[in-house]
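First the structure, in the form of structure tokens, and then the observations on it.
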2 protein chains.
Amino acid sequence: MKSANRPPVTIYEIAHHVGVSTAAVSSVLANRHVERRIAPATVERIRRAAHVLGYVPNMAGRRLRSQRTATRQIDLAILTSFEAPLPLVGQALHALQRAVDVQSTADTRYAVAIEMFHAGLIREKTGLLDADRYHGVIITNTLPEDDRFLAEATLPYPAVILGRRIAGRCCVLEAPEFVGRRSAEILIESGCRAPAVIHGRLLTHTTADRVAAFCRTIRERTRREPAVIVSDGLQPHRAAAALEQHCSRGHPVDGLFAVTDSLAIGAYRVFRSLGRRIPTDVAVVGVGDHELAEFFDPALTTVAGANEAMVAEAVPLLFRLLRGEPVPPEVLVVPPVFLRESTRRPRPRVSNSKASAARRRRAAR
Amino acid sequence: MKSANRPPVTIYEIAHHVGVSTAAVSSVLANRHVERRIAPATVERIRRAAHVLGYVPNMAGRRLRSQRTATRQIDLAILTSFEAPLPLVGQALHALQRAVDVQSTADTRYAVAIEMFHAGLIREKTGLLDADRYHGVIITNTLPEDDRFLAEATLPYPAVILGRRIAGRCCVLEAPEFVGRRSAEILIESGCRAPAVIHGRLLTHTTADRVAAFCRTIRERTRREPAVIVSDGLQPHRAAAALEQHCSRGHPVDGLFAVTDSLAIGAYRVFRSLGRRIPTDVAVVGVGDHELAEFFDPALTTVAGANEAMVAEAVPLLFRLLRGEPVPPEVLVVPPVFLRESTRRPRPRVSNSKASAARRRRAAR
DNA sequence: GAAAGAAGCTAAATGGATTTAGCAATGGCG
DNA sequence: CGCCATTGCTAAATCCATTTAGCTTCTTTC
């Protein structure tokens, strides 16, 4: 009976169906029937009709009318991919909400929404080009296909792009090459001779840059080709499977750069089960996007962890765009570096690897 | 000049200011001025006026008009606290978005928003009682103060409550007592004689229930009082500080139940630095809300991890509420139990703690 | 010089819901 | 019986932006 493409039911239809005015219907549906003195029987008939007809209120109409004048609502959104690590999404959300919480005043209210697209398919996201949804958005975790689409599309609202440079848009990204290069240097300084990098199959601009810079640096400094291990996903068990397979083929690995911290978790488990000690037998460098790196055993050296910093930059930029103020075309974020036990270079000869001794931590710029 | 409480600028004001019609203004602001043949000079004047007056488009008005008829938009939200663990928020979001992604059709579009309140202060969240924002919400991570408010308030939209039973509302929660009791039993079976529980200072209904049931079970079975360690926050370093302090006071602990997995991470570090081996010297039971527990060293035994399961239950319930279908007043979720190395009872006498040996894992219902 | 076409705008309808002012019918009271 | 209060409803204005049809004025063309 319910046609797939019938215009939505409005209160007019309900009113007509019941034989009353829209005012009565509205009063009932807003639970104002007592003060508006609608007879109980009528209330019941209206309610039933609404249910039978499948009424769904139109929030736009409702809001347009009922909104206390002098209060404007600003709708912001974070656009991210389903495949992105959840903690990153949570972080971005939290940062934006917190900013919004501060900015909110009596006459301006902010709302934060999340929109998710399937990695590489942002073009298929319905409503993306509609001007009637958001005042501004932050876009993150895009794949190259998505970037290409965004470069050509004209979004009808201000947007800040995270992790990717797109001409004509305001972008916040990791200082190019930095993470890959520093990771490679740290492994080389740890004395690694057979370094490897592990990454997920889907590469964002940021992770691709990390991998490329890592490989280039290793090549330049050691004249050898680093091993590249591709994991089918970012979950620890995927990483573990990929690394296990790599090792079982007899490829030696004495240094690993994991482009995402969840990959490092999987790697730790594999090395442990293979009886390879960190950092004595193998050094590991990861990314510190969540607070966990410090609590790995041994504590994980991290380069990057720029997500939080990037979001922190992006939010004020978005607000400036909303106010129509000029913004820099791009902001580069240099991530902090934390040297921890996982790459501690063992003192020559003395293979004493007491973890708690000599904890030093440095933040490099 | 800009009064704090002036009604928002509309296109009428811009039109009046510039001396043109609203049609012209609308055309320009929607970037339709070329096809609508507005003179470049006029375009410029309108743009300038919009900027000077501080125009912010009213999305409700825009949407009401431009929305392709036959497409209805359904706005859903997740209400959670700022203080809640981010991964849980990300999980809920992901589950809802995924459900919504499946449900979306040509004539129905869903939007998912996040609203955050400060723990215990949901009553101060502006717009919470407005009927003009959401078609339905999922509320989670509430403190008792919030619960009390929700019990009295009449929300003008359907809501599913996570983790708390509130009369007259549709609730999804952990089977009461289960997590605390099972955790206690596991520790007792591991041979613990001085069990403790660690939790954050702010207790949701769920975590309070876990702590209470744990303490009761320990008391009943061992005739002793378990130690209760209170951490100032849920972050690992907070947990570490609280546990360290507890141990430094000479309180023995040979079994720990961490009501949140981030607390377990901090505990691991403390035990390690104190030279106490897990599970030989101390057994640890945690909660498996993210995928990490398996990758702890040694792998963490988890009871609960019900968040994902709860969200999975909540989403279909919300959709049923939206359709006006009857729903059960409450749904109990019995969380899975994973016995891992952190509570393996060492074989009597043989203090061989090789982690990789004899891996067994059981899922209990 | 008249007709046709283009340029540059405007008037008015429209979308869905809320709300205020007010009307008609009924009941109660003196 | 007439007046007032109450009950139960309706008509119409309103919120803000978009869009269609159409109206001037000017330019071009034959």
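Proteins come first, then strands; the chains are lettered A, B, ... in the order of their sequence lines, and each starts at number 1. Excluded from the calculations below are hydrogen atoms, water molecules and symmetry mates; all remaining heavy atoms, backbone and side chain alike, are included.
Listed nucleotides: C:dC9, D:dC9, C:dA13. Nearest to the side chain of A:Ala39: D:dC9. Residue B:Leu64 places its side chain closer to C:dG15 than to any other of D:dT10, C:dG15, C:dA11.
Taking each heavy atom of B:Ile138 and B:Ala314 in turn, the nearest pair found is CD1-CB, 4.2 Å. Nearest heavy atom pair, residue A:Glu145 against residue A:Arg123, reads O-NH2, 4.3 Å.
Sorted by residue number, the members of residues 24-35 of chain A with any non-hydrogen atom under 4.0 Å from DNA chain D read A:Ala24.
Here B:Ile114 contributes atom CD1 and A:Ile78 contributes atom CD1; the two are 9.0 Å apart, rounded to the nearest 0.5 Å. Note that OG1 of B:Thr80 and CD1 of B:Ile122 are 9.0 Å apart. Values are rounded to the nearest 0.5 Å.
The side chain to side chain donor-acceptor pair (under 3.5 Å) test applied to B:Glu325 returns B:Arg323, not counting sequence neighbours. Residues forming a side chain to side chain donor-acceptor pair (under 3.5 Å) with B:Glu35 (at least two apart in sequence, or on another chain): B:Arg32. Scored by the side chain to side chain contact (heavy atoms under 4.5 Å, CB included) test, A:Ala153 finds A:Leu129, A:Phe149 as partners (sequence neighbours excluded). For B:Glu115, the side chain to side chain donor-acceptor pair (under 3.5 Å) partners are B:Lys125, B:Arg133, B:Tyr134, not counting sequence neighbours. Under the rule for a side chain to side chain donor-acceptor pair (under 3.5 Å), the partners of B:His118 that lie at least two apart in sequence or sit in another chain are A:Asp101.
Over its full length, the helix from C:dG1-D:dC30 to C:dG30-D:dC1 turns its helical axis through 50°, comparing axes from the five pairs at each end and rounding to 10°.
For residues 17-30 of chain A, the pairs satisfying side chain to side chain donor-acceptor pair (under 3.5 Å) are A:Ser27-A:Arg36, with sequence neighbours left out. The salt bridge (charged side-chain N to carboxylate O under 4.0 Å, His left out) contacts involving residues 41-55 of chain A comprise A:Glu44-A:Arg48, where partners must be two or more places apart or lie in separate chains. Residues in residues 159-173 of chain B take part in these side chain to side chain donor-acceptor pair (under 3.5 Å) pairs, two or more places apart or across chains: B:Asp147-B:Arg164, B:Arg164-B:His205, B:Arg165-B:Glu330.
One interatomic measurement links the two molecules: CG of B:Asn58 to C1' of D:dT18, which rounds to 13 Å at whole-angstrom precision. In this entry the distance linking CD1 of A:Ile11 with P of D:dA11 reads 13 Å, nearest Å. Atoms CD1 (A:Ile38) and C1' (C:dT19) sit 12 Å apart, rounded to a whole Å.
Applying the 4.0 Å criterion to OP1 and OP2 of C:dC9, one finds that B:Thr42 has a side-chain N or O inside that range. The phosphate of C:dT19 has OP1 or OP2 within less than 4.0 Å of a side-chain N or O from A:Arg36. At D:dC15, none of the side-chain N or O atoms of B:Thr10 fall inside 4.0 Å of OP1 or OP2 (strictly under the cut-off). For the pair A:Arg65 and C:dG16, the criterion of a side-chain N or O lying under 4.0 Å from OP1 or OP2 is not met.
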Close N or O pairs between protein and nucleotides 22-27 of chain C (under 3.5 Å):
none

Are there any protein N/O atoms within less than 3.5 Å of an N/O atom in nucleotides 26-29 of chain D, and if so, which ones and at what distance?
none

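We find that B:Arg63 and A:Asp75 are not joined by a salt bridge, their nearest charged nitrogen and carboxylate oxygen being 4.0 Å or further apart.
Nucleotides of DNA chain D nearest to A:Val20 and A:Tyr12 differ in position, and the one nearer the 5' end is that of A:Val20. Mapping B:Ala131 and B:Pro40 onto DNA chain C by nearest heavy atom places B:Pro40 at the nucleotide closer to the 5' end.
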